[in-house]
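Both counts, for ligands and for their atoms, begin at 1 and track the order of listing.
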Amino acid sequence: MRLYINIDHVATVRQARRTDEPDPVRVAVLAELGGADGITVHLREDRRHIQDRDVRLLMQTVRTVVNLELAASSEIVSLACELRPMQATLVPEKREEVTTEGGLALDPGRQLEATKAALVRLAGAGIRTSLFIDPDEASIRAAVEMGADAVELHTGEFANTRGDERRGQLERLNRAASLARKLSLAVHAGHGLTYENVHPVAAIPEIEELNIGHSIVSRALFTGMEAAVREMAEIIRRARSHA
Ligand code: PXP
């Protein structure tokens, strides 16, 4: 299991004052020292947190890998093709949302065509491609059809529910992970995962990569980034050894 740390919210704090601290590039180094297997950043069209400069510097600094989240917008895809991160994860983007609210809509329509075009360009640049989708069969089959290397299953509904509903969402993630793997997609997961809820998701055997941001950046305020990453990595390791 790989743990990729999403450091967008370090940039959110910086952008609150439009100054130069805290620097997400320095935090990425500490996350790696704490055991991160990769660094994830979302370069949004509105540049509300991560800036072009951050992605450029991370590409030079990160010793593990960079996973760039991006919408299927021509401008950002061009930048990705120029910088060539190891992996690009296509996500839907709405200006009014606080965070990515749902997976890509891969039913016939404009988002599908734009996603396909972006995928072809990214793959052509030699970048491993992943699609952020809701954990449902239709989206998984669409991702296979489009030739994606991986899917990232949206864990937001799992994270936002409790009790029986949460157990239902976990079952949904299990089914989706197993179908995606059977269809030869690599399976990633993320969104809303915390120190309290990550265990059952990390125990799903088909999942090979978790992308976690807000909870780790929040904990790092108290413990520092290295310790925050180490603690999450340990929970995930235990979940895998008990699976
Ligand atoms: N994966 C994707 C595709 C995301 O858009 C995000 C949020 O930026 C995450 C994972 C991380 O979510 P969180 O910050 O809730 O851990």
Enquirer: Among Leu33, Asp37, Thr223, Ile5, whose side-chain contact (heavy atoms from CB on, under 4.5 Å) with Val229 holds?
Expert: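 Answer to the side-chain contact (heavy atoms from CB on, under 4.5 Å) test with Val229 among Leu33, Asp37, Thr223, Ile5: Ile5.
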Enquirer: Flag Gly213 as yes when one of its N or O atoms lies below 3.5 Å from any N or O atom of ligand 1, and as no otherwise.
Expert: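 N/O-N/O distance under 3.5 Å: yes.
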Enquirer: Identify, by atom number and element, the atoms of ligand 1 in contact range of Glu69, meaning under 4.0 Å from any of its heavy atoms.
Expert: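 Near Glu69, meaning under 4.0 Å from one of its heavy atoms, ligand 1 has 1 (N), 2 (C), 3 (C), 4 (C), 5 (O), 6 (C), 8 (O), 10 (C).
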Enquirer: Heavy atom under 4.0 Å from ligand 1: found in Asn211's side chain, backbone, both, or neither?
Expert: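 Both the backbone and the side chain of Asn211 come within reach of ligand 1.
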Enquirer: Under 6.0 Å from the CD atom of Glu165, do we count more than 12 heavy atoms belonging to anything else shown?
Expert: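 Open.
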Enquirer: Can you tell me if Glu145 has over 12 outside heavy atoms packed within less than 6.0 Å of its CD?
Expert: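 Open: at most 12 neighbouring heavy atoms sit under 6.0 Å from CD of Glu145.
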Enquirer: Per the salt bridge (Lys or Arg N to Asp or Glu O under 4.0 Å) rule, what does the pair list look like for residues 77-88, sequence neighbours excluded?
Expert: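 Pairs touching residues 77-88 that pass the test: Arg56-Glu82.
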Enquirer: With heavy atoms of Val91 as the reference, note each atom of ligand 1 found under 4.0 Å away.
Expert: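 What qualifies from ligand 1 is 3 (C).
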Enquirer: Donor-acceptor pair, distance only, cut-off 3.5 Å: does the side chain of Arg166 make one with the backbone of Thr161?
Expert: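 Judged by distance alone, yes, a pair lies under 3.5 Å.
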Enquirer: Working to the nearest 0.5 angstrom, can you tell me the gap between Met1 CE and Ile204 CD1?
Expert: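 Answer for the CE-CD1 pair, Met1 versus Ile204, is 8.5 Å.
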Enquirer: Give the atoms of ligand 1, by number and element, whose distance to some non-hydrogen atom of His214 is under 4.0 Å.
Expert: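 With His214 as reference, the close atoms of ligand 1 come out as 13 (P), 14 (O), 16 (O).
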Enquirer: Should you measure from each heavy atom of Gly192, which atoms of ligand 1 turn up under 4.0 Å away?
Expert: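 Numbered from 1, ligand 1 contributes 12 (O), 13 (P), 15 (O), 16 (O).
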Enquirer: If you measure every N/O of Ser215 against every N/O of ligand 1, is any gap under 3.5 Å?
Expert: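 No, there is no polar N/O contact under 3.5 Å.
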Enquirer: As an exercise, identify every atom of ligand 1 less than 4.0 angstrom from a heavy atom of Glu152.
Expert: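 Here the atoms of ligand 1 in question are 1 (N), 2 (C), 3 (C), 10 (C).
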Enquirer: Could you state whether Tyr4 and Leu131 fall into the same hydrophobic cluster, counting links through intermediate Ile, Leu, Val, Met, Phe, Trp or Tyr residues with side-chain heavy atoms under 4.5 angstrom apart?
Expert: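 No.
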Enquirer: Would you mind running through ligand 1 and noting each atom that sits below 4.0 Å from a heavy atom of Ile212?
Expert: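 Near Ile212, the atoms of ligand 1 are 16 (O).
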